[in-house]
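Structure first, then comments.
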There are 2 protein chains.
Amino acid sequence: MTDQRPAPAAPAAGLRERKKRRTRDALLRAALLLFVSQGYEKTTVDEITDAVDVSQRTFFRYFANKEEVAFAVQDLVESHFVAALRARPDAEGPLEAMRNAVLASWDTIGEAIAEVVPVDLYMRTYRLIESTPALLAVHLRRSTELEERISLLIAAREGLDVDADPRPRVAVAAFSGVMRVTGRLWGQGEDASVAAIRRMTEAYLDQIGPALASDWR
Amino acid sequence: MTDQRPAPAAPAAGLRERKKRRTRDALLRAALLLFVSQGYEKTTVDEITDAVDVSQRTFFRYFANKEEVAFAVQDLVESHFVAALRARPDAEGPLEAMRNAVLASWDTIGEAIAEVVPVDLYMRTYRLIESTPALLAVHLRRSTELEERISLLIAAREGLDVDADPRPRVAVAAFSGVMRVTGRLWGQGEDASVAAIRRMTEAYLDQIGPALASDWR
DNA sequence: TGTGAAGTGTCAGTGGCTGTCACTAGCCTG
DNA sequence: CAGGCTAGTGACAGCCACTGACACTTCACA
């Protein structure tokens with residue numbers, strides 16, 4: 001997760017700072033546009049830097065690699081979810097809290113995204129990630145990192161030690177597994193709206209209990 | 001180290017075939033050895049091909065990319081699990097069947113692996129995968145592909161349509177999530193034995209029910 | 001206003017990966 | 001068993017992601 005964002009509570013930073021942010025944003029937007037319009041693999045870093053008129057070297061000073069730029073917005077979405085989870089009342093059980101946190105964060109994520117790129121561009125990027133093997137792989141690895149953070153959070157809520165009690169990690173794993181399935185299906189489906197994935201998430205989360213029952217008939 | 005496998009229904013193929021298999025096996029073994037001894041990233045394809053005395057081009061004719069060679073044995077393990085799952089009696093519920101299939105397949109996987117590489121080498125490779133970001137990413141992506149296959153299998157067992165009923169995918173997602181957690185923890189832990197991961201799997205799978213309960217206290 | 005450092009461009013180099021082409025060796029047919 | 005066919009390979013050239021080194025420009029700040 002990228003740290004530096006003087007977002008809320010950051011007046012007009014120095015000229016240098018602003019220039020930097022502008023360059024980064026320009027690279028990000030140009031990259032995502034190119035990715036969604038012609039595909040990730042078919043986009044070279046040179047094309048991105050040409051579009052922004054900086055050197056290739058500069059790109060790699062802002063983003064560790066070509067993949068990273070594709071996940072810049074995803075970072076935002078994830079920290080949004082984590083914040084929503086932190087905000088859940090203690091009274092809610094683990095699974096209930098996670099469920100409410102996703103649903104709540106999807107209701108408000110739009111604005112947060114729009115500060116950086118058009119929401120539509122993000123959604124098309126998300127679909128691109130799901131459908132591009134190289135990006136999907138990175139996405140999944142990042143997801144497990146997020147899962148670990150969530151596990152620690154859940155454990156803290158319940159006053160447990162993650163290493164002593166398997167339940168936090170198991171619950172998060174089950175929850176995340178379901179989230180991935182919905183993400184994938186949404187990416188493959190017709191309806192690319194936020195509403196669609198929200199609806200799907202709700203429906204699939206409802207099935208966790210029934211799915212783990214010993215007899216489905 | 002046998003140069004060919006008395007594989008089921010594969011007599012002595014032509015000389016061409018045998019040479020091919022020998023080259024592939026040699027590349028595989030050399031690659032894994034280099035990977036585990038000096039790390040994945042620090043091993044160049046040239047080093048691998050030099051060790052086997054073939055051209056770099058030849059390497060890429062056998063393996064689509066450098067990553068693929070690291071997963072050759074994993075392929076074996078996965079199809080072993082799928083076979084075990086197919087063999088579970090219809091009477092078992094979905095989760096029960098998957099659980100029994102993993103445990104059963106771990107009891108017998110050793111011999112299957114040993115036909116290709118020393119079991120110890122495989123285990124060290126597995127740990128390397130878990131601890132190398134680039135490989136972990138690919139591993140996770142491959143896992144989701146496997147999950148889809150399993151979902152279809154489970155659905156078939158229960159006479160369901162995966163797209164109409166979310167339960168197969170949800171159950172598999174939850175199950176796989178737990179499996180990944182155990183794989184990761186095993187990779188980080190001290191005990192690198194098959195027994196260790198088997199034990200851990202059993203313990204964690206036992207926690208699925210409790211973990212999803214609405215109240216842990 | 002001068003000095004230091006942050007940000008960038010340029011250049012050279014490495015390594016993964018691909019296309020092409022020519023050559024050789026196992027295979028097959030007459 | 002000769003001669004042609006083709007799969008497998010090596011050699012080579014080239015693309016692209018990425019890195020290190022160094023010099024230059026531009027802002028920041030004393």
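The analysis underlying the following values was restricted to heavy atoms, covering all of them including side chains, and did not include hydrogens, waters or symmetry mates.
Screening residues 119-147 of chain A for ring-ring contact (aromatic ring centres under 6.0 Å, His included), with sequence neighbours left out, gives A:Y126-A:H139, A:Y126-A:W186.
The distance from atom CD of A:E68 to atom P of D:dC18 is 10 Å, rounded to the nearest whole Å. When rounded to the nearest whole Å, the span between CD of B:Q56 and P of D:dC15 equals 16 Å. Atom CG of A:L135 is separated from atom P of D:dA17 by 13 Å (rounded to the nearest Å).
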**Asked** So B:E147 and B:R169, salt bridge (Lys or Arg N to Asp or Glu O under 4.0 Å) or not? Walk me through it.
**Response** CA-CA 8 Å; B:E147 277 176 44; B:R169 288 201 175 107; over 6 Å; no

**Trace of the salt bridge (Lys or Arg N to Asp or Glu O under 4.0 Å) decision for A:R198 with A:E202** = CA-CA 6 Å; A:R198 193 187 186 288; A:E202 208 162 3; 3.5 Å; yes

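Along DNA chain C, the nucleotide nearest A:F59 and the nucleotide nearest B:K66 are compared for position; the residue whose nucleotide lies closer to the 5' end is A:F59. Comparing B:R61 and A:V54, the nucleotide of DNA chain C nearest to each residue sits closer to the 5' end for A:V54.
By the 6.0 Å contact criterion, CG on A:D53 is open, its count of non-hydrogen atoms from other residues, nucleotides or ligands being 12 or less. Within 6.0 Å of CD in A:Q188 there are more than 12 heavy atoms belonging to other residues, nucleotides or ligands.
By the side-chain hydrogen bond (donor to acceptor under 3.5 Å, both in side chains) test, A:D50 is found to be paired with no residue, residues two or more places apart in sequence or in another chain being considered. Judged as a side-chain hydrogen bond (donor to acceptor under 3.5 Å, both in side chains), and not counting sequence neighbours, A:E145 has no contacts.
Residues B:L34 and B:Y40 form no side-chain contact, since every pair of their non-hydrogen atoms from C-beta on lies 4.5 Å or further apart.
Judged purely by distance below 3.5 Å, without hydrogens or angles, the side chains of B:D191 and B:S193 pair a donor atom with an acceptor atom.
The cationic group of B:K20 does not satisfy the cation-pi geometry with B:Y62, failing either the under 6.0 Å distance to the six-membered ring centre or the 45° limit from the ring axis.
In summary, contact between chain A and DNA chain C, defined as any nucleotide atom under 4.0 Å from a heavy atom of the protein, begins and ends at C:dA5 to C:dT10 in the 5' to 3' direction.
Counting non-hydrogen atoms under 4.0 angstrom, A:Y62 reaches the backbone sugars and phosphates but no base.
One finds the CG atom of A:L140 at 7.5 Å from the CD atom of A:E130 (value rounded to the nearest 0.5 Å).
In this model, no side-chain donor or acceptor of B:R57 finds a partner on the base of D:dG8 within 3.5 Å.
Contacts between residues 27-50 of chain A and DNA chain D, defined by a heavy-atom separation below 4.0 Å, involve A:T43, A:T44, A:V45, listed by number.
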What's touching nucleotides 26-30 of chain D from the protein side, N or O pairs under 3.5 Å?
residue, atom, partner, partner atom, Å
D:dT26, O2, A:R16, NH2, 3.2
D:dC27, OP1, A:K19, NZ, 2.7
D:dC27, O2, A:R16, NH1, 3.0
D:dC27, O2, A:R16, NH2, 3.1
D:dA28, OP1, A:L15, N, 2.8
D:dA28, OP1, A:R16, N, 3.2

